[in-house]
Every structure is written in C-alpha cells, then in structure tokens.
Enquirer: 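I have a structure I would like to understand better, so I am pasting it below and will then ask my questions one at a time.
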Amino acid sequence: MFLLSSEGAEQAEHAPILVQLVNHYFGHWAYDLEMKYTYPFWQKVLGKFGTTPDAAFGPYTPENAIPWYTVMFVTACILSVVLIWIFKGKLSEDEPGQGQQTIEVGVLAVRSMLEDIVGPHGLQYFPVVMTFAVLILISNLMGMFPLFMSPTSATSVTFALGISSFVYYNYIGIKENGLFRHLKHFAGPIWWIAPLIFPIELVSNFIRPFSLGIRLFGNMFADEKVMDSIAHLAPGITYWLVPVFLMPLSLFVAFIQTFVFVLLSQLYLSEVSHAPHDTHTEHEEVDDESVELVAPVLT
C-alpha cells in the first residue's frame, strides 16, 4: 500500500497549474490541519512499523498539502455537472439536440444493463449507478487533455470509489433482506458446508472494493505511464506526434474501464437485491398448479 502511495508523490512533482494554484491559496491552511491532526496520527501508527508519514506518503509541505488527485477529483465532479447541463441543452421530445441524444444513449444503455442484470426493479438504483458511470468516465478522460490529470490513476481515488460501491450494495442488501438474511446468503444453500463457505464468501466480499480499486487504478496508471514513456523517447518528435496516434487506445481504455466498474457494481447489486414480489409469485404459481390438480377431482 505504501509503495502504491508513493506514485502520488512522484506525480505531484509535475502537478498541473490548477493544483499549484489551489495549494498556493489554500495549501497553508490544509498544511496546518495536517500537522495538527493527521500527521501525529500517522506518526503513531506508522511508527509501529518502523517508518514515518514522510517516508510513506512523501514530504509534508504547504505546496502539496492538497494532493493533486483531490483537486482533480473535485474538478471531475464539477465538470460532470457542467457537461451534463451543457449536453442536455433545452430538452425536447420532438426535436432533441445532439447533446440530449448523447445523454439519452448513455442513460438507455445503463438502464438496459440494470434491467438485464438486476431485474426491472433494479431501475431504482439507476441514479447511483449512473453517477458512478459519468464520474468515472469523466475522470478517465481528463488525462487526455492539457492542464488535467486522471484522478483515477491514483489509488486514493479508485479505492474510494470501490469502497463506495461496496458500502452501497451491502446497504441495499441489509435494507431489503435484514442483517441476518444478508449475512445468511454468504453461507450458501447447503447447510452442511456452510461453515466452510461462509468465511470464504465473507473474505471474498471484503476483497471486492480493493479489486475494483486496483483494476481501475492499474489500467489508468499504466495507460498514462506508457504515454509518458513513449512521449519522452525522443523529445521534440515523440512528445507531440506519437501520443496523438495512441489516443484512440487511451479512449478505449477509459470507456472499457468505466464499463467494467459499472458492470461489476451491478452484478454485486444483483446478488443482494431481489424483486419485492418474487416470493409471492412463487406461491401464486404453486397455488395455480394445486388448483389445476384439484379441479378435476372436485368436478
């Protein structure tokens, strides 16, 4: 974990001008808070492992008190709202604009996935799932534009997204099924192997936010590193020309990683969420079969 966090310190050395401006105006306040609260905490925790916060997270200074990925992620949130507002334009049923049609394609795609994977009742989770899709896509694409960096190329952001998905689908499972039944489904349907299955499934469940975060981080970080390495092979030639030809690949990675994260989140939701009338439908089918069997006897 500490090795992964070092990449944030390395990228902070080449932070965009926006990050530098934010730290110039607000960095000293954030630095004072860190020195007063977070630094002593990490000093005690990491001291038990023979290391220091500076060795694990990089030097603490007012110039990097607000990490680049925090600034970029907040920027991604703002850009998401602004771009949706611009794209939707003036909503119209008769003559929708190109921006509105683009948004409708994305909305229909996510709604269709939810209906296929979770079921028709899964549409109630659309706002959260669509928020993940838009925010992650914008974050992934930011690295392709000057003055920006992809916040999803930092473990702090991808783990936060993974934990958010983890907390949400477990919340849905507990809300719909109750805590006992939610935990019971980890034991599987066969009671005599439940003591073996339960701990395995429980550990697997807790690993999911980290697998979501590592997958997203690994692909986006690798994409940016490959682009950066190729661009510096022969400065002046490869710095501008080669990355342009690699941009379609970066665009593909940005979309496919958004799709994978959203798909897995929906699969996790499908495991814990069930249609509210599933049990009633089963009973009704049984009753209908009983009537068909008994009717000839009665007549």
Enquirer: What's the spacing between Phe41 CZ and Leu46 CG if we round to 0.5 Å?
Expert: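 Between atom CZ of Phe41 and atom CG of Leu46 there are 8.5 Å.
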
Enquirer: Answer with yes or no whether the side chains of Ser139 and Thr152 bring together a donor and an acceptor at under 3.5 Å.
Expert: no

Enquirer: For Ile138 and Ala76, work out which heavy atoms get closest and say how close.
Expert: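 The answer is CG2-O, 4.0 Å.
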
Enquirer: For Phe159 and Gly213, which heavy atoms make the closest approach, and how far apart are they?
Expert: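 Residues Phe159 and Gly213, closest heavy atoms: CD2-CA, 3.7 Å.
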
Enquirer: Check whether any side-chain N or O of Ser270 sits under 3.5 Å from a backbone N or O of Val118 as a donor-acceptor pair, and report yes or no.
Expert: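 No; judged by distance alone, with no hydrogens or angles, the pair does not exist.
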
Enquirer: Between Leu18 and Leu147, does the side chain to side chain contact (heavy atoms under 4.5 Å, CB included) criterion hold? Intermediate values first, please.
Expert: CA-CA 7 Å; Leu18 178 61; Leu147 306 180; over 6 Å; no

Enquirer: Can you see whether His185 engages Asn177 through a side-chain donor-acceptor pair at a distance of less than 3.5 angstrom?
Expert: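 No, no side-chain donor-acceptor contact under 3.5 Å.
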
Enquirer: Give a yes or no answer on whether the side chain of Asn64 reaches the backbone of Thr61 with a donor-acceptor pair at less than 3.5 Å.
Expert: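 Yes; judged by distance alone, with no hydrogens or angles, the pair exists.
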
Enquirer: Taking all atoms of both residues into account, what is the closest heavy-atom pair of Ala254 and Thr258, and its distance?
Expert: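 Minimum heavy-atom contact is O-OG1, 2.8 Å.
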
Enquirer: When you look at Met247 and Met144, which way does the side chain to side chain contact (heavy atoms under 4.5 Å, CB included) test go after all the steps?
Expert: CA-CA 7 Å; Met247 279 187 178; Met144 301 179 64; 4.0 Å; yes

Enquirer: Over 60° means perpendicular and under 30° means parallel, so classify the ring planes of Phe198 and Phe186, tilted if in between.
Expert: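 Perpendicular: the ring planes of Phe186 and Phe198 meet at over 60°.
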
Enquirer: Is the number of heavy atoms from other residues, nucleotides or ligands within 6.0 Å of CD (Glu95) greater than 12?
Expert: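 Counting neighbours around CD of Glu95, 12 or fewer heavy atoms of other residues, nucleotides or ligands fall under 6.0 Å, so no.
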
Enquirer: What's the spacing between Ile207 CD1 and Phe166 CZ if we round to 0.5 Å?
Expert: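 Answer rounded to 0.5 Å: 11.0 Å.
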
Enquirer: Out of Phe57, Tyr31, Tyr60, which one pairs with Tyr39 under the ring pair (Phe, Tyr, Trp, His ring centres under 6.0 Å) rule?
Expert: Tyr60

Enquirer: Once you round to the nearest 0.5 Å, how far does CG of Leu264 lie from OH of Tyr268?
Expert: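 Going from CG on Leu264 over to OH on Tyr268, the span is 4.5 Å.
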
Enquirer: Closer than 4.0 angstrom, basic N to acidic O: yes or no for Arg208 and Glu201?
Expert: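 No salt bridge links Arg208 with Glu201.
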
Enquirer: Between Tyr169 and Leu202, is there shared hydrophobic-cluster membership here, with clusters defined by ILVMFWY side-chain heavy atoms closer than 4.5 Å?
Expert: yes

Enquirer: Looking only at side-chain N and O atoms, does Ser150 offer a donor or acceptor that is under 3.5 Å from a partner on Asn140?
Expert: no

Enquirer: Quick one: which residue pairs count as a ring pair (Phe, Tyr, Trp, His ring centres under 6.0 Å) with a foot in residues 123-151, not counting sequence neighbours?
Expert: Phe132-Phe261

Enquirer: Are Phe217 and Phe221 close enough that their ring centers fall under 6.0 Å?
Expert: yes

Enquirer: Enter the distance from Glu104:CD to Arg111:CZ here, rounded to the nearest 0.5 Å.
Expert: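 Answer rounded to 0.5 Å: 11.5 Å.
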
Enquirer: Is there a donor-acceptor contact under 3.5 Å from the side chain of Asn219 to the main chain of Arg215?
Expert: yes

Enquirer: Under a 3.5 Å cutoff, is there a donor and acceptor pairing between the side chains of Asp32 and Tyr37?
Expert: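 Checked: Asp32/Tyr37 side chains show no N/O donor-acceptor pair below 3.5 Å.
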
Enquirer: Could you walk me through whether Thr52 and Gln43 pass the side chain to side chain contact (heavy atoms under 4.5 Å, CB included) check?
Expert: CA-CA 6 Å; Thr52 63; Gln43 197 171 30; over 6 Å; no

Enquirer: When Ser273 is tested against each of Gln266, Gln124, Glu176 for side chain to side chain donor-acceptor pair (under 3.5 Å), which residue passes?
Expert: Glu176

Enquirer: Between CG of Leu216 and OG1 of Thr158, what distance do you get to the nearest 0.5 Å?
Expert: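 So the CG of Leu216 and the OG1 of Thr158 are separated by 5.5 Å.
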
Enquirer: Any link between Ile197 and Val272 through a network of hydrophobic side chains (Ile, Leu, Val, Met, Phe, Trp, Tyr) touching at under 4.5 Å?
Expert: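 Looking at the clustering, Val272 is in a separate group from Ile197.
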
Enquirer: Give a yes or no on whether the backbone of Ser92 and the side-chain of Gln100 come within a donor-acceptor separation of less than 3.5 Å.
Expert: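 Answer holds: yes.
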
Enquirer: When you compare the side chain of Asn205 with that of Asn170, does any pair of heavy atoms fall below 4.5 Å?
Expert: yes

Enquirer: Just so I know, are the side chains of Leu141 and Leu251 near enough to count as touching, which here means a heavy-atom distance under 4.5 Å?
Expert: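 They are in side-chain contact.
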
Enquirer: Would you say Val19 ends up clustered with Leu33 if hydrophobic residues are merged whenever their side chains have heavy atoms under 4.5 Å apart, either directly or through other cluster members?
Expert: no

Enquirer: With side chain to side chain contact (heavy atoms under 4.5 Å, CB included) as the test, would you mind laying out the steps for Leu269 and Val129 before giving the verdict?
Expert: CA-CA 10 Å; Leu269 280 170; Val129 175; 4.0 Å; yes

Enquirer: Hey, what do you get for CZ (Phe252) to CD (Gln257), rounding to the nearest 0.5 Å?
Expert: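 Phe252 CZ to Gln257 CD: 9.0 Å, rounded to 0.5 Å.
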
Enquirer: With the 4.5 Å side-chain cut-off for hydrophobic clustering, are Val22 and Val74 part of the same group?
Expert: no

Enquirer: Is there a path of hydrophobic side-chain contacts, each under 4.5 Å between heavy atoms, that joins Leu108 and Ile103?
Expert: no

Enquirer: Determine the minimum heavy-atom distance between Ile66 and Asn23, stating which atoms define it.
Expert: N-OD1, 2.8 Å

Enquirer: Return yes if some donor-acceptor pair links the side-chain N/O of Ser204 with the main-chain N/O of Ile200 below 3.5 Å, else return no.
Expert: no

